[in-house]
Amino acid sequence: MTQAARFKQADATRALRAAVKAGLKPSECVIGPDGAIRLVFGDAPVAGTANPLDRLLTR
């Protein structure tokens with residue numbers, strides 16, 4: 001048996017629209033395993049995505 005979704009697409013859409021209406025520029029929408037919706041704004045780096053080889057790409 002499958003589990004019910006812990007969030008609805010409408011919830012994520014509502015959060016994104018509210019952020020844009022507030023004048024923010026969301027760059028990422030992350031849905032956690034518990035259904036929590038987290039928006040990342042601007043060019044802020046996402047925690048945990050850094051790779052030791054990234055420094056080579058910036059050259």
Looking only at heavy atoms, which two atoms of [X] and [Y] are closest? And how far apart?
X: Leu16; Y: Cys29; value: CD2-CB, 4.3 Å
X: Ile37; Y: Ala12; value: CD1-N, 3.7 Å
X: Ala19; Y: Phe41; value: CB-CE2, 3.6 Å

Using a strict threshold of under 4.0 Å (side-chain N to carboxylate O), is an ion pair present between Asp11 and Arg14?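 Between Asp11 and Arg14 there is a salt bridge, with a charged N closer than 4.0 Å to a carboxylate O.
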